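Worksheet for the structure shown next.
Reminder, nothing fancy here: chain letters follow the sequence lines and each chain counts from 1. Nothing here was measured: the structure is a model prediction, and the numbers come from that model.
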Number of protein chains: 2
Amino acid sequence: MSPQHNPSKRPLTLRDVSEAAGVSEMTVSRVLRNRGDVSDATRLKVTKAAKMLGYVPNKIAGALASQRVNLVAVIIPSMSNMVFPEVMTSISEVLDETPLQPVIGVTNYLPEKEESVLFEMLSWRPSGVIIAGLEHTAAARAMMQNADVPIVEIMDLDGDPIDAIVGVSQRRAGREMAEAIIEQGYRKIGFMGTNMPLDHRARKRFEGFTEALAKAGIEIADQEFYSGGSALVKGREMTEAILKRSPDLDFLYFSNDMIGAGGLLYCLANGIDVPGQVGLAGFNGVELLDGLPKQLATMDAERHQIGRIAAQIIAARANGEEVEARIELTPKLQFGDTLKR
Amino acid sequence: MSPQHNPSKRPLTLRDVSEAAGVSEMTVSRVLRNRGDVSDATRLKVTKAAKMLGYVPNKIAGALASQRVNLVAVIIPSMSNMVFPEVMTSISEVLDETPLQPVIGVTNYLPEKEESVLFEMLSWRPSGVIIAGLEHTAAARAMMQNADVPIVEIMDLDGDPIDAIVGVSQRRAGREMAEAIIEQGYRKIGFMGTNMPLDHRARKRFEGFTEALAKAGIEIADQEFYSGGSALVKGREMTEAILKRSPDLDFLYFSNDMIGAGGLLYCLANGIDVPGQVGLAGFNGVELLDGLPKQLATMDAERHQIGRIAAQIIAARANGEEVEARIELTPKLQFGDTLKR
DNA sequence: ATAATTCGTGTTAGCGGTAACATAGTTGAA
DNA sequence: TTCAACTATGTTACCGCTAACACGAATTAT
């Protein structure tokens with residue numbers, strides 16, 4: 001009873017199944033959705049007929065009729081930064097236990113792209129939206145406010161959420177890193193980051209960082225920015241450049257772990273004593289760091305938790321449950337081997 | 001004229017816009033889709049009204065009525081392996097130039113999960129399917145055959161495609177790597193890979209590899225497998241284990257670059273002469289390798305090309321164009337610094 | 001035994017759009 | 001002038017499914 005190749009080109013509908021099974025379309029619909037009372041005998045007839053024909057229900061029609069859609073829009077800036085696929089993985093894990101299904105949209109960090117992706121996704125009337133960050137165009141905000149579905153903004157916590165929010169305070173993360181660095185006695189601090197004015201999270205971390213330094217009467221001694229290319233290579237190159245230019249730096253703060261790892265590898269290869277001569281720290285707590293010769297100091301951005309909780313909020317709301325709308329997670333500082341004297 | 005917060009909870013429909021603009025629903029539909037002749041005056045009235053109300057069209061209804069869906073199902077085994085997000089990125093790049101939009105499904109390398117994800121996606125009647133690999137359950141194959149949309153199987157090339165196929169021959173990739181290794185004079189060869197019987201591409205590479213070795217009268221001298229955890233760490237650990245157990249190995253072939261990088265770092269840290277004492281090679285050509293102290297030999301799996309071409313095939317077919325159905329790409333061997341004597 | 005439930009199935013009327021055709025005005029060529 | 005051809009808009013009939021209700025048969029309660 002393997003599915004037959006549909007001979008007429010006409011796509012199969014409930015009617016085809018119902019005729020094959022000798023029952024009404026409604027009964028087939030009930031069987032296929034496991035809803036309502038159907039006798040075992042008819043249930044069997046119907047499943048048999050459906051399988052034999054190779055019937056695949058049309059969710060478009062179903063969604064229109066029932067006003068229910070099991071899709072959750074997930075909007076992220078990029079797939080090249082492992083952070084976002086990781087968040088996605090956690091979201092998927094949670095939604096796998098529910099009838100909901102994630103649909104991913106990528107914005108490339110462009111607000112207008114975000115707006116158009118959002119518009120596109122909302123036009124499928126999803127059961128919820130998970131979106132990275134708090135900065136959106138006015139139109140995007142308005143769309144989300146009017147959409148009448150749960151909206152969860154993730155990753156960041158510094159700003160006004162539209163609805164629910166799950167993340168870490170990026171400012172605080174930058175601040176705490178600065179405080180730890182100062183506490184360890186480092187004073188001549190260099191910063192390396194991405195050249196992306198639209199990466200608001202990186203920007204806020206930097207602001208928190210400099211703010212805390214300022215409170216201790218310290219200023220960034222030198223800085224370096226990059227864009228594009230392999231982050232590991234860029235980290236290497238920037239570290240070389242900054243140390244040649246400012247040999248008296250005693251600490252390098254990298255805005256992400258990949259460039260931090262590049263910096264670490266550069267120092268190790270060039271006999272620079274880490275953390276004696278120069279201390280190093282990154283951000284994110286990516287798994288990769290575990291495999292490096294030395295453990296880079298970093299701060300875990302809690303992205304698995306974030307994905308998990310965001311998905312749970314959507315799932316709960318989809319069931320009509322009320323849930324707390326603001327979840328602040330605490331980024332955990334890991335000193336590793338590169339941040340101590 | 002910023003969008004008003006919809007006062008009645010009832011979601012907006014074309015009718016609301018049409019009433020606000022004083023025209024028929026059909027005219028609004030025409031304006032919003034840029035189809036058919038509409039006078040500039042009415043066009044303006046309509047866009048104004050739509051914007052004012054904050055109207056978001058309902059694609060579900062639209063898709064049902066027009067029998068057209070702009071979604072492309074993309075089914076991949078995992079998001080944790082950077083290879084797949086990279087393919088996704090290329091697919092997105094191409095589809096961004098079209099009205100089509102990718103929808104991602106993740107199978108976790110499980111055939112049954114693949115089947116259910118596929119079923120779910122097909123029930124949204126996408127305009128095409130891009131799916132990793134050639135191994136599917138019978139039911140999954142049947143569904144794709146009956147779906148009457150373009151299907152592109154990607155990454156692999158060794159097997160019978162359902163429709164179109166874009167990829168590299170994994171067997172050949174393994175074979176060519178083996179031949180290069182032998183050519184360089186290595187003879188005592190160790191293999192390290194994942195413990196995943198369902199990763200068919202890794203399996204085929206391994207088969208091609210051993211086959212070519214056999215042709216030269218060589219057998220794998222020792223092997224090691226891992227599952228889960230940080231690939232970089234595992235590469236390190238496995239390398240240590242295999243070299244302790246079989247100190248006479250003169251080459252280590254890793255089934256992916258991450259464990260290869262771990263192996264490389266281990267060797268460097270332990271003063272093992274690479275490639276003098278031991279040669280190393282991985283697979284995939286991941287960007288990360290560029291940042292390591294030594295360039296690991298690898299073979300580029302052409303995943304950006306694969307994503308791009310797969311998306312182009314779908315886009316062309318969606319326009320009714322005929323396109324070649326079998327694209328074989330050639331994995332390029334990169335000797336790097338770890339495969340020569 | 002008879003009414004009140006429950007069970008299993010069918011019927012009807014949309015869901016919110018769009019294809020296809022219909023219909024006035026307008027324009028322009030014969 | 002007269003009618004074919006076009007322009008701008010409207011009307012109608014679905015797309016494939018499900019909510020809501022209807023209804024006879026079977027079961028249970030009284």
Taking C/dG17, D/dG16, C/dT9 as options, the one with an atom nearest any side-chain atom of B/Asn58 is C/dG17
Would you say the side-chain atoms of A/Gln101 and A/Asp96 include a donor-acceptor pair closer than 3.5 Å? no
For B/Arg43 and B/Ser39, does a side-chain donor sit closer than 3.5 Å to a side-chain acceptor? no
In whole Å, I'd like the distance from the CZ atom of A/Arg33 to the C1' atom of D/dA20. 12 Å
If you fit an axis to the five pairs at each end of the helix from C/dA1-D/dT30 to C/dA30-D/dT1, how big is the angle between those two axes, to 10 degrees? 30°
Distance test, side-chain N/O of B/Gln67 to OP1/OP2 of D/dC14, below 4.0 Å: no
Using a cut-off of less than 4.0 Å, is there contact between a side-chain N or O of B/Ser24 and OP1 or OP2 of D/dG10? yes
Provide a list of protein-nucleic acid N or O atom pairs under 3.5 angstrom, restricted to nucleotides 21-28 of chain C.
none

Taking for each residue the nucleotide of DNA chain C bearing the nearest heavy atom, is the 5' side occupied by B/Ile60 or by B/Arg35? B/Ile60
A/Glu19 CD - C/dT9 C1' separation (whole Å): 17 Å
Closest-nucleotide ordering on DNA chain D, the 5'-leading residue of A/Gly62 and B/Asp40: B/Asp40
Quick check on C/dA19: is either OP1 or OP2 less than 4.0 Å from any side-chain nitrogen or oxygen of B/Ser66? no
Do the side chains of A/Arg317 and A/Glu322 get close enough for a salt bridge, i.e. N-O under 4.0 angstrom? no
Both A/Ala63 and B/Thr27 contact DNA chain D. Taking the nearest nucleotide for each, which residue is further toward the 5' end? B/Thr27
Closest to the side chain of A/Thr42, out of D/dC17, C/dT9, C/dA19, is C/dT9
List the steps and the verdict of side chain to side chain donor-acceptor pair (under 3.5 Å) for B/Ser24 and B/Thr27. CA-CA 5 Å; B/Ser24 74; B/Thr27 300; 3.1 Å; yes
Regarding B/Asp16 and B/Arg10, does a basic nitrogen lie under 4.0 Å from an acidic carboxylate oxygen? yes
May I ask you to evaluate whether B/Arg68 reaches the phosphate of C/dA19, defined as a side-chain N or O under 4.0 Å from OP1 or OP2? yes
Distance-only side-chain donor-acceptor flag, A/Arg141 / A/Thr137, under 3.5 Å: no
Expressed in angstrom and rounded to an integer, what is the separation of B/Met26 atom CE from D/dT9 atom P? 13 Å
Side-chain contact check for A/Thr13: nearest option of D/dC17, D/dA8, C/dC7 is D/dC17
Is the phosphate of C/dT9, meaning OP1 or OP2, less than 4.0 Å from a side-chain N or O of A/Ser39? yes
Between A/Glu93 and A/His304, do the side chains contain an N or O donor and an N or O acceptor separated by less than 3.5 Å? no
